[in-house]
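Counting begins at 1 with the first residue of the sequence. The basis for the numbers below is simple: all heavy atoms, side chains too, and nothing from hydrogens, waters or symmetry mates.
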Amino acid sequence: MVRVAILGASGYTGLELIRLLLRHPQARITALATRQAEAPHVSEVHPSLTGQLDLRMEQLTPTEISDRADFVFSCLPHGASAEMVEQLLAAGTKVIDFSADYRLNNLAAYENWYGVKHPNPERMARTVYGLPEFFRDEIREAKLIANPGCYPTSAILALAPLLREKLVSPDGIIVDSKSGVSGAGRNTKPNLHFPECNESFSAYGVGTHRHMPEIDQLLTSIGGTSVEVVFTPHLVPMDRGILSTCYATPTGKATAEQCLEALRAKYECEPFVQVRDDLPTTKDVAGTNHCHLAVRECRGRVIVVSVIDNLIKGASGAAVQNFNLMQGFPETTALHVF
C-alpha cells in the first residue's frame with residue numbers, strides 16, 4: 001500500500017484526485033496539505049466526501065509530509081509548488097507536480113510566461129513530461145513528473161502523431177479550444193460569477209495564454225521540427241470539458257483519411273484514446289480519463305477535433321495514470337469507470 005499526500009487539496013483537481021485515489025486498491029491517502037491557516041476537515045471543503053475520508057487539511061512542512069507519505073501529488077500553483085517539490089525529492093519522496101514549474105525546459109521561456117524565478121532551474125530540462133501516450137517508458141523510471149496542462153493534452157494528442165509522420169506542415173497550425181468554467185480553478189474571479197459567464201461565450205488570453213509555449217515545446221519535441229501554434233482558448237458556460245479544434249495544412253498529397261489512419265495506428269493499443277469516425281462531444285468523455293479524436297478535411301486543411309474532461313484526462317486522471325506507471329501498477333487502475 002502506497003501512502004499518498006496531496007498538496008493543495010482544496011481545489012477542483014484536488015477533489016477529483018481524492019475521488020480517484022479512494023477507489024485505488026494500492027493507495028491510501030494519509031495527508032492533505034493546505035497553505036491556509038485553518039485546518040478544516042476535508043468534508044467541510046468538499047461536502048461530497050462526507051463519510052469517505054477522515055482527514056483534515058493541514059499546514060504541513062515538507063519534512064512532515066515526507067514522514068507521512070511515500071508519494072506526493074502537488075496541486076499547488078506555479079512557483080509555490082517548486083519550492084515544496086525540491087525539499088520532498090531530497091527526502092526521497094516521489095512527486096507528481098500539477099503546476100507548470102517543470103513542464104517547460106527553457107528557463108527564459110518559463111520566467112517570461114509565468115513571471116516568477118524558478119528555485120531550481122537545472123531540474124527543468126531533466127523532468128519527464130507526464131503524457132503516457134508518448135513518454136511511458138520515461139515515466140516508469142522517474143521520481144518527478146510534470147503533469148501536463150489540460151489544453152496541451154488535447155492539442156498534443158491530436159497533432160503530435162501527424163507531425164511525427166510528416167502528414168501535416170509544422171507551419172500555420174491553429175488550435176482553437178473551448179473549456180468549461182472549472183478550468184479556471186476554484187478561486188473566485190468576476191468573469192466567473194454565474195451572471196457573468198452563464199449564457200455567454202468568450203475568448204481570453206488571446207496570444208498570451210501560458211499553455212501556448214507548452215504546446216509548442218511538446219509538438220516540436222515529438223514532431224521533430226520547430227512548431228509555433230496559434231492558440232486561442234475560450235470560456236464556455238459548462239462545468240467541465242475541453243473541445244479543441246486543430247487546423248493544420250497537409251503535406252504533399254496527404255488526405256484526411258491518411259491522417260485518421262495515422263491516429264488509429266498510434267492509439268490502437270492506448271487504453272484512454274479513442275479515434276472515431278463521427279464527431280465527439282465533451283459529454284462523451286465527461287468524468288472519464290479518455291480523449292476522443294476525429295478528423296475532417298476542408299478547403300485544403302486537415303481538422304482534428306479533440307475532446308477531454310479537463311479535470312480528469314486534463315489533470316487528476318492523468319496524474320493517477322502516471323502514478324500507476326511510476327509504482328508498477330496496471331496503468332488503468334482506478335481509472336476504468338467514473
Side-chain angles (χ1 to χ4, degrees), residues 2-33 46 53 65 69-78 81-82 84-85 88-89 93-103 127-136 138-154 156-157 182-183 185-186 211 214 218 240 242 270-273 285 287-291 308-336 338:
V2 182
R3 299 177 304 156
V4 170
I6 301 172
L7 314 187
S10 61
Y12 293 133
T13 56
L15 171 60
E16 296 295 339
L17 186 56
I18 292 169
R19 286 173 172 168
L20 292 172
L21 292 173
L22 284 175
R23 56 190 293 154
H24 198 297
Q26 300 297 330
R28 180 164 61 91
I29 303 172
T30 54
L32 300 175
H46 301 303
L53 181 64
I65 294 166
D70 312 300
F71 202 108
V72 172
F73 294 86
S74 177
C75 302
L76 297 173
H78 65 271
S81 190
M84 293 286 286
V85 165
L88 292 167
L89 291 171
T93 309
K94 290 183 179 180
V95 180
I96 292 177
D97 181 28
F98 281 57
S99 83
D101 284 345
Y102 299 96
R103 293 177 190 161
T127 300
V128 177
Y129 190 79
L131 195 61
E133 289 79 9
F134 291 95
F135 305 108
R136 184 171 280 109
E138 295 89 338
I139 291 167
R140 286 193 175 104
E141 303 301 319
K143 304 297 184 185
L144 169 65
I145 291 295
N147 215 51
C150 52
Y151 282 127
T153 295
S154 67
I156 295 163
L157 290 175
S182 62
R186 202 173 184 184
H211 282 173
E214 184 179 339
L218 271 296
R240 61 203 301 158
I242 285 177
E270 291 293 340
F272 298 117
V273 183
V285 296
T288 81
N289 196 50
H290 291 261
C291 173
I308 64 170
D309 185 315
N310 58 296
L311 297 177
I312 308 294
K313 185 58 174 168
S316 300
V320 172
Q321 193 176 351
N322 288 322
F323 168 75
N324 288 335
L325 288 168
M326 294 170 76
Q327 292 299 125
F329 304 138
E331 189 171 338
T332 58
T333 305
L335 295 171
H336 285 297
F338 296 83

> Taking atom OG of S81 and atom CG of L76, what is their separation to the nearest 0.5 Å?
Replying inline: 5.0 Å

>> Looking at every heavy atom in both C75 and L17, which two are closest together, and how far apart are they?
In response: SG-CD2, 4.3 Å

> Under the side-chain contact (heavy atoms from CB on, under 4.5 Å) criterion, do V273 and E133 qualify, and how do the steps go?
Replying inline: CA-CA 9 Å; V273 183; E133 289 79 9; 3.8 Å; yes

> Can you list the residues that meet the ring pair (Phe, Tyr, Trp, His ring centres under 6.0 Å) rule with Y151, with sequence neighbours excluded?
Replying inline: H209, H211, F231

> Which residues pass the side chain to side chain contact (heavy atoms under 4.5 Å, CB included) test with A5, sequence neighbours left out?
Replying inline: A31, I65, A69, V72

> What is the distance from atom CD1 of I312 to atom CG of L20, rounded to the nearest 0.5 Å?
Replying inline: 5.0 Å

> N322 and V128: side-chain contact (heavy atoms from CB on, under 4.5 Å), yes or no, with the steps?
Replying inline: CA-CA 11 Å; N322 288 322; V128 177; over 6 Å; no

> What distance separates L144 CG from Y102 OH, expressed to the nearest 0.5 Å?
Replying inline: 6.0 Å

>> Return the CG to CD1 distance between L325 and I145, rounded to the nearest 0.5 Å.
In response: 8.5 Å

> Can you name the closest pair of heavy atoms from Y12 and S182 and give their distance?
Replying inline: CD1-O, 3.7 Å

>> I need the minimum non-hydrogen distance between H24 and V320, along with the two atoms involved.
In response: CD2-CG1, 4.2 Å

> Which heavy-atom pair separates D101 from P77 by the least distance, and what is that distance?
Replying inline: OD2-O, 4.3 Å

> For A319 and I96, which heavy atoms make the closest approach, and how far apart are they?
Replying inline: O-CD1, 3.2 Å

> What residues, two or more places apart in sequence or in another chain, satisfy ring pair (Phe, Tyr, Trp, His ring centres under 6.0 Å) together with F73?
Replying inline: F71, F323

> What residues, two or more places apart in sequence or in another chain, satisfy salt bridge (Lys or Arg N to Asp or Glu O under 4.0 Å) together with E270?
Replying inline: R136

>> Strictly distance-based, threshold 3.5 Å: is any side-chain N or O of D70 a donor or acceptor partner for the main-chain N or O of R3?
In response: yes

> Taking the side chain from D309 and the backbone from G287, do they hold a donor-acceptor pair closer than 3.5 Å?
Replying inline: yes

>> Within this structure, what is the NZ-SG distance for the pair K313 and C150, rounded to the nearest 0.5 Å?
In response: 13.0 Å

>> A side-chain contact here means heavy atoms from C-beta on lying under 4.5 Å apart; do P132 and E331 qualify?
In response: yes

>> Between F135 and L218, is the side-chain contact (heavy atoms from CB on, under 4.5 Å) condition met? List the steps.
In response: CA-CA 11 Å; F135 305 108; L218 271 296; 3.7 Å; yes

> With sequence neighbours left out, what residues match R19 under salt bridge (Lys or Arg N to Asp or Glu O under 4.0 Å)?
Replying inline: E16

>> I need the I6 CD1 to T13 OG1 distance, nearest 0.5 Å.
In response: 9.0 Å

>> Going by salt bridge (Lys or Arg N to Asp or Glu O under 4.0 Å), name the residues that satisfy it together with D97, two or more places apart in sequence or in a different chain.
In response: none

> Quick one: are T288 and F272 in side-chain contact, heavy atoms under 4.5 Å?
Replying inline: no

> When you look at Q26 and T333, which way does the side-chain contact (heavy atoms from CB on, under 4.5 Å) test go after all the steps?
Replying inline: CA-CA 9 Å; Q26 300 297 330; T333 305; 5.7 Å; no

>> Looking at N147, is its backbone amide N or carbonyl O close enough to the side chain of R103 to form a donor-acceptor pair, meaning the two atoms are under 3.5 Å apart?
In response: yes

> Ignoring hydrogens and geometry, is there a side-chain-to-backbone donor-acceptor pair from T93 to L89 under 3.5 Å?
Replying inline: no

>> If I compare all heavy atoms of L131 with all of P148, which pair ends up nearest, and what's the gap?
In response: N-CG, 4.0 Å

> Between T153 (side chain) and G314 (backbone), is there a donor-acceptor pair under 3.5 Å?
Replying inline: no

> Short question: side chain of Q327, backbone of V2 - any donor-acceptor pair under 3.5 Å?
Replying inline: no

